[in-house]
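Only one structure is covered here, and it is reproduced in the block below.
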Amino acid sequence: MKPAITYELLHVCKQTGARRGIVHTPHGDIQTPVFMPVGTQATVKSMTPEELKEVGAQIILANTYHLFLRPGHELIKEAGGLHKFMHWDRPILTDSGGFQVFSLGALRTISEEGVEFRSHLDGSKQFLSPEKAMEVENALGADIIMAFDECCPYPSTYEYTKKSMERTTRWAKRCKEAHNRKEEQGLFGIIQGGFYKDLRKQSAEDLIKLDFPGYAIGGISVGEPKKEFLDILNYTAPIMPENKPRYLMGVGTPDYLVEAAMAGIDMCDCVIPTRLARHGTAFTSKGKIVVRNASYERDFNPLDDECDCYTCKNYTRAYIRHLVKTNEILGIRLLSIHNIKFLTNLMDKVRIEIERDNLGSFRKEFYRKYGYEQ
RNA sequence: GGGUAGGUGGUCGAGUGGUUAAUGGCACCAGACUGUAAAUCUGGCGACGAGAGUCUACGAUGGUUCGAAUCCAUCCCUGCCCA
């Protein structure tokens with residue numbers, strides 16, 4: 001049986017150890033390292049699939065929990081699967097609902113069997129387990145599906161993190177057993193263990209034994225200081241299998257994306273470009289700007305004079321500020337287009353610099369220009 | 001001309017004798033946002049001052065009172081109804 005997801009390593013940056021590769025999926029190849037925009041409810045908010053392609057999105061995310069609640073996975077299956085339902089023919093990755101165990105903390109109860117949620121939509125009781133998550137993800141039909149895990153809050157005690165990590169491993173095993181579309185969908189395991197290295201090691205080893213076609217790092221980038229994030233990232237990435245995709249969940253900002261690539265990560269996702277867009281903020285090569293602010297009222301320059309996106313080619317900061325201030329949908333759309341393109345452009349550069357064995361130097365220059373501390 | 005309702009901080013609008021520089025909403029100013037309960041949330045928003053604080057404020061003027069945006073008098077203005 002040919003696995004649904006395979007990884008091809010093209011080059012390792014001699015300067016940093018970063019990986020340049022390809023993830024092969026049933027809906028085409030993904031050049032890595034890659035940034036994946038998030039479309040929780042089967043839509044990257046305000047963007048059409050054509051626009052997503054235009055800004056360089058190779059793969060997008062959707063969410064099991066949200067689509068399970070509404071419109072329901074059966075309906076999407078009936079529609080012919082998620083790709084067809086949302087008119088996106090490139091790869092899709094579905095998250096399992098594990099992040100909602102974290103983000104809906106006040107609305108759920110965890111047991112060995114699974115997680116009971118109070119629906120944030122109508123308060124009704126809902127239940128997600130490894131088996132249920134697989135049923136939903138199989139019905140949605142994404143190329144890459146994530147195991148049902150628990151993303152622990154920061155900080156969490158060693159005892160709790162250990163128990164949670166071990167349970168996540170047991171859940172991963174149950175996911176693997178319940179997953180019944182292995183030829184069409186690759187199931188990734190999620191390494192947990194919070195901010196404790198021995199737990200990370202344990203989690204990675206146990207999951208590797210289960211032989212998933214790809215692995216993710218979960219449970220970081222949850223509010224911790226950057227130093228701790230880097231510490232766990234740089235500890236965990238190298239102990240992940242070399243011949244399979246490595247996915248860092250929930251990242252991120254431009255600096256985190258560069259750090260992830262440096263650490264040998266292949267895939268990242270984050271809501272931040274689209275969320276910042278809706279909140280009136282833009283990434284630029286000289287740092288992020290809150291274009292909603294009064295200082296841009298008469299700024300007739302593009303968001304970023306180095307950007308080649310549709311927004312920057314045609315609109316000024318002053319106009320976008322006007323759209324944001326007047327609550328016009330176009331402001332959100334133009335900022336979303338720009339912010340996603342900014343991150344996909346960044347990853348384009350990262351891939352080139354890896355091939356040139358120059359990612360470390362690129363990072364230094366990027367940080368300097370962006371205004372990040374080295 | 002007669003009657004009637006009203007004039008509150010950028011705006012709309014509460015408050016109808018004393019913890020009132022004055023509830024709220026909007027506008028405005030700023031901050032946050034990392035596997036999306038998020039086109040959201042948080043803070044600020046009379047003047048001067050770093051701050052403690054000081055001053056000026058509820059149409060105008062005068063009055064009652066220990067004390068008034070709140071009570072009284074006169075005046076000015078606005079909406080509506082009648083002529």
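Everything numeric in this text was worked out from a predicted model, so none of it was measured. Every chain is numbered from 1, with letters handed out A, B, ... down the list of sequences. Reckoned from all heavy atoms, side chains included, excluding hydrogens, waters and symmetry mates.
Not a single donor-acceptor pair, N or O on each side, falls under 3.5 Å between the base of B:G35 and the side chain of A:Asn63.
Taking atom P on both B:U70 and B:G17, the two are 11 Å apart, rounded to the nearest angstrom. A gap of 37 Å separates the P atoms of B:U11 and B:A83, to the nearest Å. Going from the C1' atom of B:U23 to that of B:A14 covers 6 Å, rounded to whole Å. For the C1' atom pair drawn from B:C77 and B:A68, the interatomic distance equals 23 Å after rounding to whole Å. A gap of 15 Å separates the C1' atoms of B:G10 and B:A57, to the nearest Å. Taking the P atom of each, B:U64 and B:G79 are spaced 35 Å apart, rounded to whole Å. On the P atoms, B:G31 is 27 Å away from B:U36, given to the nearest whole Å. Spacing between B:G9 and B:U4 at atom P, rounded to whole Å, works out to 27 Å.
Put simply, the residue from A:Asn63, A:Asp95, A:Thr64 that forms a side-chain hydrogen bond (donor to acceptor under 3.5 Å, both in side chains) with A:Gln100 is A:Asn63.
Applying the Watson-Crick and G-U wobble criteria (two distances, each under 3.5 Å), B:U4 pairs with B:G79. If you check B:U56 for Watson-Crick or wobble pairing at under 3.5 angstrom, you find it has no partner at all. Pairing for B:C41 goes to B:G31, judged as Watson-Crick or G-U wobble with the two contacts each under 3.5 Å. With a cut-off of 3.5 Å on both pairing distances, the Watson-Crick or G-U wobble partner of B:U61 is B:A73. The partner of B:U19 cannot be assigned: no Watson-Crick or G-U wobble pair with both contacts below 3.5 Å exists in any strand.
If you check every strand for non-hydrogen atoms under 4.0 Å, A:Ser46 touches nothing. Within the 4.0 angstrom heavy-atom criterion, only backbone atoms of the sugar-phosphate kind lie near A:Leu61; the bases stay farther away. Note on A:Gln100: only backbone sugar-phosphate atoms sit closer than 4.0 angstrom, heavy atoms only; bases stay farther off. Contacts of A:Gln192 with the nucleic acid, taken as non-hydrogen atoms under 4.0 Å apart, include base atoms. Across all strands shown, A:Thr274 has heavy atoms under 4.0 Å from base atoms, whether or not it also approaches the sugar-phosphate. In this structure, A:Gly223 reaches neither bases nor backbone, as no heavy-atom distance under 4.0 Å exists between it and the strands shown. Residue contacts for A:Arg292: at a heavy-atom cut-off of 4.0 Å it reaches a base atom on one of the strands shown. Among the heavy atoms of the strands, none lies under 4.0 Å from A:Cys268. Nucleic acid contact for A:Asp269: sugar-phosphate only, since backbone atoms but no base atoms lie under 4.0 Å from a heavy atom of the residue. Residue-level contact check: A:Ile190 touches the bases, meaning some heavy atom is under 4.0 Å from a base atom. A:Leu121 comes within contact range of no nucleotide atom at all, as no heavy-atom separation falls under 4.0 Å.
Of the candidate nucleotides B:A39, B:A37, B:G35, B:A39 has the atom nearest to the side chain of A:Asn327. Side-chain proximity of A:Thr40 to B:U34, B:U36, B:G31: nearest is B:U36. Checking B:C33, B:C29, B:G35 against every side-chain atom of A:His279, the shortest atom distance belongs to B:C33. The side chain of A:Phe99 has B:A37 as its nearest neighbour among B:A37, B:C29, B:C33. Which of B:A39, B:C29, B:U34 sits closest to the side chain of A:Ile329 comes down to B:A39. Taking every side-chain heavy atom of A:Cys270 into account, B:U34 is the closest of B:U36, B:A32, B:U34. Proximity note for A:Asn293 (side chain, C-beta onward) versus B:A30, B:C33, B:C29: the nearest is B:A30. Across B:C28, B:G35, B:A38, the shortest atom-to-atom separation from the side chain of A:Arg278 is found for B:A38. Checking B:G31, B:A30, B:U34 against the side-chain heavy atoms of A:Ala294 singles out B:A30 as nearest. Of all nucleotides listed (B:U34, B:U36, B:G35), B:U34 comes nearest to the side chain of A:Ser221.
Here the shortest heavy-atom pairing between A:Tyr256 and A:Glu224 reads OH-O, 4.5 Å.
A side-chain donor-acceptor contact under 3.5 Å links A:Thr311 to the backbone of A:Leu334. Side-chain atoms of A:Arg292 never come within 3.5 Å of backbone atoms of A:Val324 as a donor-acceptor pair (strictly under, hydrogens ignored). With hydrogens and angles ignored, the 3.5 Å screen pairs no side-chain donor or acceptor of A:Arg19 with any backbone N or O of A:Val12. In this structure a side-chain-to-backbone donor-acceptor pair under 3.5 Å is missing from A:Ser203 to A:Leu199. A:Arg108 places a side-chain N or O within 3.5 Å of a backbone atom of A:Val101 that can act as its donor or acceptor partner.
For A:His66 and B:U36, the ring-to-base geometry does not satisfy the stacking test (centroid distance below 5.5 Å, interplanar angle below 30°).
Under the 4.0 Å criterion applied to side-chain N and carboxylate O atoms, A:Arg174 and A:Glu113 are assigned as salt-bridge partners.
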